[in-house]
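Report on the structure given below.
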Amino acid sequence: MVQEAAGNAEQSGMEPTTGPANEVGVPLAGIVFEAGDPINQLLLRVAEALAADGVSVAGVVQARVNDPATGRSNLVLRGLRDGWELPILEERGQQAKGCRLDSRAITDVAGRLERELAPGAGFLIVNRFGRAEAEGQGLRHLLARAASEGIPVIAGVRQDYAAAWAAFHGGLGVALPPDPERVLAWCRRAAAGAGAPERQRHGMSAPAFGSDQAPGGRRAP
């Protein structure tokens, strides 16, 4: 499955990078994976390695935890820096259908990450560029803001959202296969070359990523 996702990344119109991060203009990468691939474990491994290198990492990974209030499991986003956890699914009963993503929780997450980026984070890791981001909501604006400020960004991108990811970055970003060594190598190159001069050289700004959404899906004024 991992090998298949790697092949799909190469066929999606987004060439996996093999050179320095600044060869693609901006340190922005999506790890294209298939359902069932351990993407959160991979991102956590990358975060731990970057932190060990002395990089200030902001971001979230997804985890499933037991909810004492309901006795059922729930999905949470877990902060990579401080370990906070926030449930992201609405409690609508077992018979509820459709998307249960709690937009208020995502707005909360976006606000927390905004504050983590403010002191000058060296890297942003986001568990997913998914349906909400593909529709212009979720953490899309945060991804665009960080990349436009020269902060390296990496996100998990399930294969069925690879085309939306390509539309989001418009050729400024890259796709990577879910290979830990290749991902970590790219992240280390990106972290080493991060900074505002690169952004200014390419004349980059958040609107370059086709986003008019504020954090959490609220439309920017």
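Values below: all heavy atoms of this structure, side chains included; hydrogens, waters and symmetry mates excluded.
- Minimum heavy-atom separation, Leu117 to Ala146: CD1-CB, 4.2 Å.
- Taking every heavy atom of both residues into account, Gly59 and Leu124 meet most closely at CA-CD1, 4.0 Å.
- The two atoms that bring Val157 and Gly30 nearest to each other are CG2-CA, 3.8 Å, heavy atoms only.
- Here CG of Asn40 is found 11.0 Å from CZ of Arg64. Values are rounded to the nearest 0.5 Å.
- Qualifying ring-ring contact (aromatic ring centres under 6.0 Å, His included) partners for Phe129, counting only residues two or more places apart in sequence or in other chains: Trp165, Phe168.
- Put simply, CD1 on Ile31 and CZ on Arg182 are 11.5 Å apart, with the number rounded to the nearest 0.5 Å.
- No donor-acceptor pair under 3.5 Å is formed between the side chain of Gln159 and the backbone N or O of Glu34.
- Rounding to the nearest 0.5 Å gives a distance of 9.0 Å between CD1 of Ile125 and CG of Leu42.
- Among residues at least two apart or in separate chains, salt bridge (Lys or Arg N to Asp or Glu O under 4.0 Å) pairs with a member in residues 50-60 are Asp53-Arg188.
- Using a 4.5 Å heavy-atom cutoff, the side chains of Leu176 and Val32 are not in contact.
- When side chains are defined from C-beta on, Trp186 counts as touching Pro27, because their heavy atoms get closer than 4.5 Å.
- With sequence neighbours excluded, no residue forms a side-chain hydrogen bond (donor to acceptor under 3.5 Å, both in side chains) with Arg115.
- Between Leu77 atom CG and Leu113 atom CG the span is 8.5 Å, to the nearest 0.5 Å.
- Within the model, atoms CG of Leu50 and CD1 of Ile154 stand 8.5 Å from one another, a figure rounded to the nearest 0.5 Å.
- At a threshold of 4.5 Å between non-hydrogen side-chain atoms, the residues Val65 and Glu85 count as touching.
- Expressed to the nearest 0.5 Å, how far CD1 of Ile106 lies from CD1 of Ile88 amounts to 5.0 Å.
- Side chain of Asn74 to backbone of Pro87: no donor-acceptor contact under 3.5 angstrom is found.
- The shortest heavy-atom contact between Ala164 and Ala134 is CB-CB, 3.6 Å.
- Taking every heavy atom of both residues into account, Ala51 and Val57 meet most closely at N-CG2, 4.3 Å.
- Put simply, the side chain of Leu89 does not reach to within 4.5 Å of the side chain of Asp102, judged on heavy atoms.
- Side-chain contact between Leu86 and Val76 is absent, with no heavy-atom pair separated by less than 4.5 Å.
- Listed here is the closest heavy atom pair of Ala190 and Phe123: CB-CE1, 4.2 Å.
- Exactly one of Val61, Leu80, Leu143 qualifies for a side chain to side chain contact (heavy atoms under 4.5 Å, CB included) with Val126. That residue is Leu143.
- Because its NZ or CZ atom is not both nearer than 6.0 Å to the ring centre of Trp84 and within 45° of the ring axis, Arg78 does not count as a cation-pi partner of that residue.
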Report task. Under the salt bridge (Lys or Arg N to Asp or Glu O under 4.0 Å) rule, what do Arg104 and Asp108 come out as? Steps first, then yes or no, please. Result -> CA-CA 6 Å; Arg104 292 173 299 181; Asp108 190 344; over 6 Å; no

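- Inter-residue side-chain proximity for Val174 and Leu28 is flagged as unmet; no heavy-atom pair is nearer than 4.5 Å.
- Screening residues 116-126 for salt bridge (Lys or Arg N to Asp or Glu O under 4.0 Å), with sequence neighbours left out, gives no hits.
- Put simply, the side chain of Glu48 never gets that close to the backbone of Arg45: no donor and acceptor are under 3.5 Å apart.
- Remark: side-chain polar atoms of Asp37 are not paired, donor with acceptor, to backbone N or O of Ile39 under 3.5 angstrom.
- Considering only residues two or more places apart in sequence or on other chains, Arg81 meets the side-chain hydrogen bond (donor to acceptor under 3.5 Å, both in side chains) condition with Ser56.
- Counting only heavy atoms from C-beta outward, the side chains of Val183 and Pro178 never approach each other to under 4.5 Å.
- Applying the side-chain hydrogen bond (donor to acceptor under 3.5 Å, both in side chains) rule to Gln41 yields no partners; only residues at least two apart in sequence or on another chain are considered.
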